[in-house]
> 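Here's a structure for you.
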Amino acid sequence: MTGKHVSYAVQNYDALSHKPQDVSKIALVTEGGGQRGIFTAGVLDSFLDQDFNPFSLMIGTSAGSLNLASYICGQKKHAFKVITEATTNHHFFDVYRFLFGREGLDLDWLMQQTQTRFELDWHQGRQNMRNRTVLASASNTVSHQAAYFNLNTDNWSLALKASCAIPVLNRQPIYSQNEYWVDGGLSAPIPVQEAYERGYRHIVVIRTVPIDTSFDHCWMSNIRRALGQSKAAGMIEMLLEHEDNYRKTQEFLSNPPDDVTIYEIHPQKALKSKMIGSDMPSLEEDYSLGYQSGKYFLNTVGRYIDIDEPLCDVSHLVGEEVSDLCKFA
């Protein structure tokens, strides 16, 4: 027997009959996807419009972690502006810069924008995190394991950079605590299992691709062997591990353990936005779809989730020996 998986896509009517019971605590997990994160921005802005935040644990990967930062700071349209104005700026991504062997993505510039032109209100954010834990995932370049960094620290920008450092486009991994880190999506593409391991049995997942999306680059294994111990071979190995992790996560989402309910908000078909290089009409359309999808969730299961004061997630206190790492302190 498996648990419950409920789909919340616009024009999908299966969710109309589901009413959750005994929801004592609930987690939110947000997938990455580069500029496709505009869909997630729309979902979370619909939540902000209704002052809806019952989540005591939130975990984001890559662009999903940036979206959570805007959400926990209570800033509607902040993520929309970052994606449509900052990530479309040549200062952030320049294909010629990339082709000539320099950094394709300038994450330092992007983080600077979140402290100046698109400033995040961390005073409000920390108020909102008094009873909540908000984490950004990153992947260790040596062990290829995921780590989860608390955004309720002074080093929140470093945590977000590590979570968003896409290999190849971002040639230099992010250095912290004597370790190198890259995009959390490689080892934790949708960190729903982490929420489960922390004791959560009701988990809302916001996806940026349809739920039947799959990846298969097994043919690259032969290329990987031919390249030996080169840096390119290492990148291919991480890509193949990403795909394996993605398949395992898909299986967990489709067939969760019998004590788990997954509420999955997702587009029914591929978004018009791309990871990078999207045009404005596509971004605006996908944001609108995300907003509608969020409203659909709120008008169905959201009406039955009413946790006035989320319980503080204290699972991160287990194992004090790793607490410094998890804080990027």
> Using the six-membered ring wherever Trp is involved, compare the ring planes of Trp122 and Trp156 and label them parallel, tilted or perpendicular (cut-offs 30° and 60°).
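Trp122 and Trp156: tilted rings.
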
> Relative to the ring of Phe47, is the ring of Phe52 parallel (under 30°), tilted (30 to 60°) or perpendicular (over 60°)?
perpendicular

> Check Glu194 with Arg198, please: is the shortest side-chain N to carboxylate O separation under 4.0 Å?
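Yes.
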
> Trp181 and Phe149: aromatic ring centres closer than 6.0 Å?
yes

> Between Asp121 and Gly74, is there a donor-acceptor pair closer than 3.5 Å when you use the side chain of the first and the backbone of the second?
no

> Between Asp45 and Lys76, is the closest basic N to carboxylate O distance under 4.0 Å?
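Result for this pair is no, no salt bridge flagged.
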
> With side chains defined as the heavy atoms from C-beta onward, is the minimum distance between Arg207 and Thr30 less than 4.5 Å?
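The answer is no, as the side chains (C-beta and beyond) never meet within the 4.5 Å cut-off.
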
> Can you see which heavy atom on Pro191 is nearest to which on Val29, and at what distance?
CD-CG1, 3.6 Å

> Is it the case that the side chains of Ser254 and Gln250 hold a donor-acceptor pair, with the cut-off being a distance below 3.5 Å and no angle test?
no

> State, yes or no, whether a side-chain contact exists between Leu271 and Val209 at a heavy-atom distance under 4.5 Å.
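Of all side-chain heavy-atom pairs linking Val209 with Leu271, none is under 4.5 Å.
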
> Treating Ile, Leu, Val, Met, Phe, Trp and Tyr as nodes and any side-chain heavy-atom pair under 4.5 angstrom as an edge, say whether Leu283 and Phe118 lie in one connected cluster.
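They do not share one cluster, since no chain of ILVMFWY contacts under 4.5 Å joins Leu283 to Phe118.
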
> Hey, what do you get for NE2 (His202) to OG1 (Thr261), rounding to the nearest 0.5 Å?
5.0 Å

> To the nearest 0.5 Å, what is the distance between CG (Asp183) and SG (Cys164)?
7.0 Å

> With a 4.5 Å heavy-atom cut-off, do Ile206 and Leu28 have their side chains touching?
yes

> Please check: side-chain N/O of Ser293 versus main-chain N/O of Ile265, any donor-acceptor pairing under 3.5 Å?
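Between the backbone of Ile265 and the side chain of Ser293 there is no qualifying donor-acceptor contact (under 3.5 Å).
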
> For Gln268 and Val10, which heavy atoms make the closest approach, and how far apart are they?
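Taking every non-hydrogen atom into account, NE2-O, 4.0 Å.
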
> Could you check whether any side-chain N or O of Arg132 sits under 3.5 Å from a backbone N or O of Phe55, counting only pairs where one atom can act as donor and the other as acceptor?
yes

> Test Ser62 against Ser163 for side chain to side chain donor-acceptor pair (under 3.5 Å), laying out the working first.
CA-CA 5 Å; Ser62 195; Ser163 187; 5.4 Å; no

> Before giving the answer on side chain to side chain contact (heavy atoms under 4.5 Å, CB included), spell out for Glu285 and Leu289 the whole-Å C-alpha distance, their side-chain angles and the decisive distance to 0.1 Å.
CA-CA 6 Å; Glu285 183 173 331; Leu289 177 61; 5.9 Å; no

> Should Asp286 and Lys272 be marked as a salt bridge (Lys or Arg N to Asp or Glu O under 4.0 Å) after you check the CA-CA gap, both sets of side-chain angles, and the distance that decides it?
CA-CA 7 Å; Asp286 291 341; Lys272 294 190 175 181; over 6 Å; no

> Search all heavy atoms of Ser137 against all heavy atoms of Ala188 and return the closest pair with its distance.
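Nearest heavy atoms, Ser137 then Ala188: OG-O, 4.1 Å.
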
> Walk me through it: do Ser139 and His144 pass the test side chain to side chain donor-acceptor pair (under 3.5 Å)?
CA-CA 6 Å; Ser139 303; His144 297 185; over 6 Å; no

> I want to check something: taking the side chain as every heavy atom from C-beta on, are Leu160 and Leu151 in contact at a cut-off of under 4.5 Å?
yes

> Could you tell me if Ser273 and Ser282 have a donor-acceptor pair between their side chains, going purely by distance under 3.5 Å?
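Note: Ser282 and Ser273 side chains miss the donor-acceptor criterion.
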
> Does a donor on one side chain and an acceptor on the other come within less than 3.5 Å for Asp108 and Gln112?
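The criterion, which ignores hydrogens and geometry beyond distance, is not satisfied for Gln112 and Asp108.
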
> Examine distances only and state if a side-chain atom of Gln115 and a backbone atom of Met111 form a donor-acceptor pair shorter than 3.5 Å.
yes

> Answer whether the closest heavy-atom distance between the side chains of Ile38 and Phe80 falls below 4.5 Å.
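Yes, close enough: below the 4.5 Å cut-off.
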
> Within the distance-only criterion (no hydrogens, no angle test), does the side chain of Asn299 pair as donor or acceptor with the backbone N or O of Lys295 below 3.5 angstrom?
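Looks like yes, one N/O pair under 3.5 Å.
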
> Taking atom NZ of Lys161 and atom CG of Leu105, what is their separation to the nearest 0.5 Å?
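One finds 12.0 Å between NZ of Lys161 and CG of Leu105.
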
> Please walk me through it: do Val134 and Asn152 pass side chain to side chain contact (heavy atoms under 4.5 Å, CB included)?
CA-CA 7 Å; Val134 185; Asn152 193 13; over 6 Å; no

> Test Leu253 against Ile211 for side chain to side chain contact (heavy atoms under 4.5 Å, CB included), laying out the working first.
CA-CA 9 Å; Leu253 290 169; Ile211 59 176; over 6 Å; no

> To the nearest 0.5 Å, what is the distance between NZ (Lys25) and CG (Leu57)?
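These two atoms lie 8.5 Å from each other.
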
> Would you say the side-chain atoms of Ser278 pair up with the backbone N or O of Lys274, donor to acceptor, closer than 3.5 Å?
yes

> Which atom pair, heavy atoms only, marks the closest approach of Cys73 to Asn128?
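Heavy atoms only, the tightest pair is C-ND2, 4.2 Å.
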
> What I'd like to find out is whether the side chain of Arg303 reaches to under 4.5 Å of the side chain of Phe297, using heavy atoms alone.
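No, too far: nothing below the 4.5 Å cut-off.
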
> Judged by atom type as modelled, is there a donor-acceptor pair below 3.5 Å linking the side chain of Thr208 to the main-chain atoms of Gly32?
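Yes, because the side chain of Thr208 sits within donor-acceptor range (under 3.5 Å) of the backbone of Gly32.
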
> Could you go step by step and tell me if Asp49 and Tyr291 meet the side chain to side chain donor-acceptor pair (under 3.5 Å) rule?
CA-CA 10 Å; Asp49 270 346; Tyr291 191 89; 2.4 Å; yes

> Determine, for Arg126 against Asp154, whether the closest basic-nitrogen to carboxylate-oxygen distance falls under 4.0 angstrom.
yes

> Is it true that Glu85 and Arg117 make a salt bridge, defined as a side-chain N closer than 4.0 Å to a carboxylate O?
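Salt bridge between Glu85 and Arg117, a charged N being under 4.0 Å from a carboxylate O: yes.
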
> Closer than 3.5 angstrom, by distance alone: can the side chain of Tyr296 be matched with the main-chain N or O of Asn12 as a donor-acceptor pair?
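Looks like yes, one N/O pair under 3.5 Å.
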
> Going by heavy atoms in the side chains, are Leu135 and Leu68 under 4.5 Å from each other?
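The answer is no; the side chains never approach within 4.5 Å.
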
> Going from CD on Gln193 to CD1 on Ile203, what distance comes out if it is rounded to the nearest 0.5 angstrom?
9.0 Å

> Quick check against the 3.5 Å criterion: does Asn67 have a side-chain atom that pairs as donor or acceptor with the backbone of Ala79?
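No; judged by distance alone, with no hydrogens or angles, the pair does not exist.
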
> Report yes if the side chains of Tyr71 and Met58 come closer than 4.5 Å at any heavy-atom pair, otherwise no.
yes

> Tell me if the aromatic rings of Tyr263 and His18 count as close, with their centers under 6.0 Å from one another.
yes

> Could you walk me through whether Val260 and Tyr196 pass the side chain to side chain contact (heavy atoms under 4.5 Å, CB included) check?
CA-CA 8 Å; Val260 175; Tyr196 177 74; 3.2 Å; yes

> If I compare all heavy atoms of Gly277 with all of Gln35, which pair ends up nearest, and what's the gap?
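Here Gly277 and Gln35 meet closest at N-OE1, 3.2 Å.
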
> Locate the shortest heavy-atom distance separating Asn53 from Ile72; write the atom from each residue and the value.
ND2-CD1, 4.0 Å

> Roughly how far, to the nearest 0.5 Å, is CD of Glu264 from OG of Ser7?
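Between atom OG of Ser7 and atom CD of Glu264 there are 7.0 Å.
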
> Tell me whether Ser65 contacts the main-chain N or O of Gly60 through its side chain, where contact means a donor paired with an acceptor under 3.5 Å.
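Side chain of Ser65 to backbone of Gly60, a donor-acceptor pair under 3.5 Å: no, none is there.
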
> Please check if any side-chain donor atom of Asn140 sits under 3.5 Å from a side-chain acceptor atom of Gln145, or the reverse.
no

